Amino acid sequence: MGDRAWFLRALLVLQSPRSVFAALRDDSDEVAESRQDVAAALVWLAGISAVLATTVSSTLQDDVEIDAALTAVWAFLAGGLYGFTLYYAVGKVLHVALRKLGSRGSFRRARHLLAFAVTPIALALLVYWPVRLAIYGGALFRTGGSDGDGTGAATAWIFYAFVLWALGLLLIGVRTVHGWSWGRSLAGVAFSTVIAAGLAFVVSVLYAFG
């Protein structure tokens, strides 16, 4: 029953985030265990969504041996690795930042807070990427594809609206869980976001040269 409730909360966080984040205040082992599978699923989906937006993805099929099936496998595996790498790294950065600001929360709760906050990025995998794939197909994964010109380039920026949505949820989450002011919450999120952007860049570079 606990797992099911958290799956429902993963959907509810998009509509009523405060009630979902308030439930994260309970960090007992039993409650945390009941939500960890949901958190993992959100992170994996968000990772796939995010990895599709990288420069590595946009050149993947320049290699003629990589077809649509291999691209899908790559997205699934690389997305999981990308998502969980950032989940633990950014989760730790968030935890440290919040502790500096006076939080007494655990690393586990900081990670779970982050996982539910990235729900919009996971949502993009279901509502944004299918449309983009339907319009541009394999051109998304090749240098010089039709997705890089005009309307295609403009619509590529829509993905970052989901990222901004996630940042907004993270801010609401930090404020709700800790009962802080907007300014104090924003300080923790801003510090974590800068570090996260740097880590995402480093991971993308490592993928490119890996």
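Only a predicted model underlies this, so the values are computations on that prediction, with no experimental measurement involved.
There is no path of hydrophobic side-chain contacts, each under 4.5 Å, that joins L45 to L11. Hydrophobic clustering of Ile, Leu, Val, Met, Phe, Trp and Tyr side chains at less than 4.5 Å, counting indirect connections, unites I158 with Y160. Note on V13: it does not cluster hydrophobically with L8, by side-chain heavy-atom contacts below 4.5 Å among ILVMFWY residues.
Shown here are the side chain to side chain donor-acceptor pair (under 3.5 Å) partners of T71, two or more places apart in sequence or in another chain: Q61. Here S181 pairs with nothing under the side chain to side chain donor-acceptor pair (under 3.5 Å) rule; sequence neighbours left out. Checked against ring pair (Phe, Tyr, Trp, His ring centres under 6.0 Å), F116 has the following partners two or more places apart in sequence or in another chain: W6. Here F159 pairs with W129 under the ring pair (Phe, Tyr, Trp, His ring centres under 6.0 Å) rule; sequence neighbours left out.
Residues A75 and V51 share a closest heavy-atom pair of O-CG1, 4.0 Å. Here the closest non-hydrogen pair linking A10 and T119 is O-CG2, 3.3 Å. Nearest heavy atoms, R109 versus L24: CD-O, 3.1 Å. Scanning both residues, L60 and I66, for their nearest heavy atoms gives O-CD1, 3.5 Å. Here the closest non-hydrogen pair linking R111 and G91 is CG-CA, 4.4 Å. Across all non-hydrogen atoms, the minimal contact from H95 to A110 is CB-CB, 3.8 Å.
Separating the CG atom in L12 from the CZ atom in R18 is a distance of 12.5 Å, to the nearest 0.5 Å. In this structure, the separation between NZ on K92 and CG on L94 is 11.0 Å, given to the nearest 0.5 Å. Between I48 atom CD1 and I121 atom CD1 the span is 13.0 Å, to the nearest 0.5 Å.
Counting heavy atoms from C-beta on, the side chains of L86 and L114 never come closer than 4.5 Å. Inter-residue side-chain proximity for T54 and Y82 is flagged as met; some heavy-atom pair is nearer than 4.5 Å. Inter-residue side-chain proximity for Y87 and V118 is flagged as unmet; no heavy-atom pair is nearer than 4.5 Å. At a threshold of 4.5 Å between non-hydrogen side-chain atoms, the residues L140 and S57 do not count as touching.
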After noting the C-alpha distance and the side-chain angles of H112 and L42, does the key distance pass the side chain to side chain contact (heavy atoms under 4.5 Å, CB included) rule? CA-CA 10 Å; H112 289 176; L42 289 171; over 6 Å; no
Is there a side chain to side chain contact (heavy atoms under 4.5 Å, CB included) between V93 and V96? Walk through the geometry before answering. CA-CA 5 Å; V93 170; V96 170; 5.9 Å; no
Going through the checks in order, is the side chain to side chain contact (heavy atoms under 4.5 Å, CB included) test met by L52 and Y128? CA-CA 11 Å; L52 288 173; Y128 169 75; over 6 Å; no
Go through the steps to decide whether R25 and H178 satisfy the test side chain to side chain contact (heavy atoms under 4.5 Å, CB included), and finish with yes or no. CA-CA 8 Å; R25 291 171 182 160; H178 296 90; over 6 Å; no
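The stretch residues 44-68 participates, sequence neighbours left out, in these ring pair (Phe, Tyr, Trp, His ring centres under 6.0 Å) pairs: W44-F76, W44-F84.
By the 30° and 60° cut-offs, the orientation of the rings of Y88 relative to F107 is perpendicular.
Not one N or O on the side chain of S49 forms a donor-acceptor pair closer than 3.5 Å with the backbone of A46.
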Just list the side-chain donor-acceptor pairs under 3.5 Å for residues 163-177, sequence neighbours left out, or say none.
| from | atom 1 | to | atom 2 | distance (Å) |
| --- | --- | --- | --- | --- |
| R175 | NE | W180 | O | 3.4 |
| T176 | OG1 | I172 | O | 2.8 |

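A salt bridge links R108 with D29: the closest approach of a Lys/Arg side-chain nitrogen to an acidic carboxylate oxygen falls below 4.0 angstrom.
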